[in-house]
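Here's the structure, in structure tokens; my notes come after.
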Amino acid sequence: MTEEQPLVLDPAGSDHHAEHRALYARGAATPVDVLGVTAWSVSDPDLLKQLLTRAAVSKDARAHWPAFAATVPTWPLALWVAVESMFTAYGSDHRRLRRLIAPAFSARRIAALNPVVESLVTGILDELEALPPGEVVDLRERLAYPLPIAVIGRMMGLSAARSSGLRTVVDRVFATTLSAEEATANTASLYRLFDELIAAKRAAPGDDMTSLLIATRDEEGDGGSLTDAELRDTLVLMVSAGYETTVNVIDHAVTSLLTGPAQLAHVDAGRCGWEDVVEEALRHESAIKHLPMRFALQDIPLPDGRTIRAGEAILASYAAANRHPDWHGADADLFDATRTTKDHLAFGHGVHFCLGAPLARLEVATALRQLFARFPEARLAVPAEELRPLPTLISNGHISLPVRLRPVSASQA
């Protein structure tokens, strides 16, 4: 690693926009401290896309990170590099695992979920419409959370009770203010819940992805296609990635529209559509700020003459890359659904591009369209600067999103 002093990333994520500016000032890539682990944060979009598509960069920490064995026992983010799923797989292992999951996210299956998502959003908004005018609602808790949890629950065959139990431990996977002991305890709770799910589905299979993956594992015997660890960690990946990121996109999209009402006017006038709003929300406030971790298989020269050495860790700083002025100009920090180019890396890039991207886009667009059709007078209930970020350097959302959906009429005041 270079002699340059690493920039310490804020575990509480208190001001990620200021952190973006600090990363830009240090070049296309720079050493950062991630809860005690030094890595190269890459915030330049061109360089990041190059690294994400190079065979010389791996996500398999066990095979390609010399510091793995010494780091994992005490690092609070150990789960992010220790899971055995397509999230951390490399080469043929990644292709094998991705093939098993890809059918669940086919275009046909996503299209079949369209009426399901419409119905779920309608039901959620029906409950909100029954509230008295003027009442403040936490839309993160009452809309952004329940929709993706219900969708992924349906896909995975999760009961409402089991989904609720998993939510708490999955949320803590994204927290970066936990001690190593707290993170280890949370991982144990997480695995216990998934072991219970696997046992329940083995005893009573259903028409769901969990049962399908279990059948794939069991029919192959001896883990020929899917090991026990891969089965459990694949379920962890699908449930956690299946809702946490979508929650954040809905959260930030609603916030951006309520703080920039001109954007709704653009939609109403036909100058842009809800799909444009979704893409700009993904670009403007990426659901994941920094994603641990990738590893160099060989020395990688950087444009400024420095070198990422073989075995060193690489942190994909997606949120910073999406707002980089070299990509989206001087107004990159502005939310503008009418901007011509809304390209982003919110779903990753290359072979690890998120399989669930079409489903997430569907959920967010449906939620926004229905929300603002039903509640055109919705307003933030607090000044935007009072919204508090989630205490994490990974996930990008708010602790709560208080909104007044309907004003109190003069006759009711």
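Listed for the T259 side chain is a donor-acceptor partner under 3.5 Å among the backbone atoms of T255. Remark: the backbone N or O of D326 is paired with a side-chain donor or acceptor of H324 at under 3.5 angstrom. Although no hydrogens or angles enter the test, the distance criterion places no donor-acceptor pair under 3.5 Å between the side chain of R379 and the main chain of L405. Between the side chain of S286 and the main chain of L282, no donor-acceptor pair closer than 3.5 Å is present. With hydrogens and angles ignored, the 3.5 Å screen pairs a side-chain donor or acceptor of D233 with a backbone N or O of E84. Listed for the E280 side chain is no donor-acceptor partner under 3.5 Å among the backbone atoms of T338. Using modelled atom types, no side-chain atom of D251 and backbone atom of R140 make a donor-acceptor pair closer than 3.5 Å.
Cation-pi check for K289 over Y318 is not met; the charged atom does not lie both under 6.0 angstrom from the ring centroid and within 45 degrees of its normal. R167 forms no cation-pi arrangement with Y243, by the criterion of a distance under 6.0 Å to the ring centre and an angle within 45° of the ring axis. For the pair R406 and F375, the NZ or CZ position fails the cation-pi test of under 6.0 Å to the six-membered ring centre and within 45 degrees of the ring normal.
Between H16 and H20, the two ring planes are perpendicular [angle over 60°; tilted spans 30° to 60°]. Between Y90 and H64, the ring planes are perpendicular. Angles over 60° get that label, and only those under 30° would be called parallel.
Classification of E285 and R323 as a salt-bridged pair holds, one side-chain N sitting under 4.0 Å from a carboxylate O. We find that R154 and D208 are not joined by a salt bridge, their nearest charged nitrogen and carboxylate oxygen being 4.0 Å or further apart. Salt bridge absent: R283 and D343 never bring a charged side-chain N and a carboxylate O closer than 4.0 Å. Between R361 and E279, at least one side-chain nitrogen of the basic residue sits less than 4.0 Å from a carboxylate oxygen of the acidic one, meeting the salt-bridge criterion. Here R306 pairs with D304 in a salt bridge; the nearest charged N to carboxylate O distance falls below 4.0 Å. A salt bridge links D93 with R96; the closest basic N to acidic carboxylate O contact falls under 4.0 Å.
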Show, in sequence, the C-alpha distance, side-chain angles and deciding distance for L97 and F87, and conclude whether the side chain to side chain contact (heavy atoms under 4.5 Å, CB included) test is met. CA-CA 9 Å; L97 292 167; F87 180 76; over 6 Å; no
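Between H284 and H344, the ring centre distance reaches or exceeds 6.0 Å. Taking the six-membered ring for Trp, F174 and W80 have ring centres closer than 6.0 Å. H352 and H94 have their aromatic ring centers within a separation under 6.0 angstrom.
In this structure, OG1 in T88 is found 12.5 Å from CH2 in W65, a value given to the nearest 0.5 Å.
In this view, D276 and K342 satisfy the salt bridge (Lys or Arg N to Asp or Glu O under 4.0 Å) rule, not counting sequence neighbours.
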